[in-house]
Amino acid sequence: MTRNEILFSRAQASIPGGVNSPVRAFRSVGGTPRFFTRGAGAYVWDADGVRYIDYVGSWGPLILGHAEPDTVAAVQEAAARGLSFGAPTEAEIELAELLKERVPSLELVRLVSSGTEAVMSAIRLARGFTGRDLIIKFEGCYHGHADSLLVKAGSGLLTFGNPSSAGVPAELAKHTLALDYNDSEGLAEAFDKHGDQIACVIVEPIAGNMNLVLPRPEFLRTMRELCTKHGAVLIFDEVMTGFRVGPASAQGLYGIAPDLSTFGKVVGGGLPLGAFGGRRDIMEKIAPLGPVYQAGTLSGNPLSVAAGLVTLKKIAAPGFFEALAAKTRALVEGLRQAAQKHGVTFSAQSVGGMFGIYFAAECPASFAEVMACDKEAFNRFFHAMLARGIYLAPSAYEAGFVSAAHTEADIAATVAAAEAVFAGR
Ligand code: KE4
């Protein structure tokens, strides 16, 4: 048995599925998950000492790469002054001010410890602010594991949702409407039918949890107009896209101001940190100012804030996102050409530092089109690339991430590995 297999067997004796988050268990792709021992820059090493070029980056946070020296030093320095206070610190103000400066729609912002917490709080706030219960989400979008969001489409698209997880009461799920991503007409119909009951619409402005799916131009614009017209709160869940697709996140890319936004991943630089914020009149409903309760022992934790501050400052360097986007484009273009050369049905696309690869002739623009992609072909590709030292997301329904630490040589090596796989070598 390999060391990974030994560890996986041992882990399953104490941890459900041997992992602390389901996607890590490789159940979508099969095989044994890799237990990492060390990361540096674009690379990670597993328990058998194998090095991989990493395109997961902890699912997005590590935009600077693993163990980025200045980030590590900032965390070490903060730790030496105390791990947590449960009291306000100046660094939290600095991070809030930086977030507001980078994302103009943020008038007030609150720090929490995860993306799920940020979204859960934003949903409760939207309901508290509007006094309405109904929320709209989109099939294929993932917003963390708060009950109201673990809901799939009902029997008909315009009927209330059904739980997509055990343990979510049907009485709660029925307040969530799950519509089709990129279906502006369906959204308009939902507002025609339920307009004055809708507390909020929550969307991944660029979807990254059904693999990468880009919004059609009119989709987000229609959403903004309908929310404004009906007094519903528009929430952009930018946990994944925040500071990943551009310096002002997806809202900066598309020039649309949501009423609330949620962040995670990059804003914590790899440590536990999330944030939600937006319009002052809405955020002032949050305790202790207003009636919507929200709290957290480790909210604004000094180590997470230290990592977040260094990360946000470094990605503001001139040309940072241009270089990251160019590298990511080079990756997907190289993969596309390699597949085409060997007659493999394959497509790929990228936005900023995130990318999607699909075993389908075209890039999917909806959940149904994603589900029509050849998942088994992806799984074979995943393992063939893993065997060649390339670590892709262990699921056909996840986006991939490039960091500032990936070199052109890393990209070239990845494309060469893919070409060997497509050639059947
Ligand atoms: P966390 O609670 O995992 O920090 O954030 C939840 C979340 C919220 N919103 C969006 C758009 C997200 O992508 C996520 C988390 N993304 C997944 C990756 N598909 C995290 C990986 C995992 O669940 O282990």
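When reading the values below, keep in mind they use all heavy atoms of this one structure, side chains included, and skip hydrogens, waters and symmetry mates. Counting starts at 1 for both ligands and their atoms, in listed order.
- Looking at H143 against ligand 1, only its backbone comes within 4.0 Å, counting heavy atoms.
- Taking a cutoff of 4.0 Å between a charged side-chain nitrogen and a carboxylate oxygen, D183 and R216 do not qualify as a salt bridge.
- Contacts between E117 and ligand 1, counted as non-hydrogen atom pairs separated by less than 4.0 Å, are absent for every part of the residue.
- Here the protein heavy atom with the shortest distance to atom 10 (C) of ligand 1 is Y142 O, 3.3 Å.
- A salt bridge between R279 and D259 is present, with a side-chain N of the basic residue lying under 4.0 Å from a carboxylate O of the acidic one.
- Close approach to S21 involves these atoms of ligand 1, each under 4.0 Å from a residue heavy atom: 22 (C), 23 (O), 24 (O).
- Scanning the protein heavy atoms around atom 4 (O) of ligand 1, the nearest turns out to be G115 N, 3.0 Å.
- For ligand 1, the atoms sitting less than 4.0 Å from at least one non-hydrogen atom of K265 are 13 (O), 15 (C), 16 (N), 17 (C), 18 (C), 20 (C), numbered in the order shown with element in parentheses.
- Counted within 6.0 Å of NZ on K285, heavy atoms from surrounding residues, nucleotides or ligands total 12 or fewer; the atom is thus considered open.
- To the nearest 0.5 Å, atom CD1 of residue I235 and atom CD of residue E204 are 13.0 Å apart.
- Close contacts of ligand 1 with E204, meaning ligand atoms under 4.0 Å from a residue heavy atom, involve 11 (C).
- Ranked by closest heavy atom to atom 13 (O) of ligand 1, the top entry among I202, I206, N209, V239 is N209.
- Here E77 pairs with R81 in a salt bridge; the nearest charged N to carboxylate O distance falls below 4.0 Å.
- Annotation: atom 21 (C) of ligand 1 to nearest protein heavy atom, W59 CG, 3.7 Å.
- Against a heavy-atom cut-off of under 4.0 Å, V23 is close to the following atoms of ligand 1: 22 (C), 24 (O).
- Y52 and R34 share a donor-acceptor pair across their side chains, judged by distance under 3.5 Å alone.
- Distances from atom 9 (N) of ligand 1 to the heavy atoms of D237, T241, L273 put D237 nearest.
- Heavy-atom contacts of T116 reach the following atoms of ligand 1: 1 (P), 2 (O), 5 (O), 6 (C) (cutoff under 4.0 Å).
- With a 4.0 Å cut-off on non-hydrogen atoms, H145 does not touch ligand 1 at all.
- Nearest approach of A287 to Y293, heavy atoms of both residues: CB-CD1, 3.8 Å.
- In this structure, a donor-acceptor pair under 3.5 Å is present between the side chains of T241 and E238.
- Ion pairing between R110 and E117 fails under the 4.0 Å rule for side-chain N and carboxylate O.
- Considering only non-hydrogen atoms, atom 7 (C) of ligand 1 lies nearest to G144 out of S113, S58, G268, G144.
- Salt-bridge formation is detected for the pair E284/R280: a Lys NZ or Arg NE/NH1/NH2 atom is positioned less than 4.0 Å from an Asp or Glu carboxylate oxygen.
- Residue-ligand proximity, E398 to ligand 1, at heavy-atom distances under 4.0 Å covers atoms 18 (C), 19 (N).
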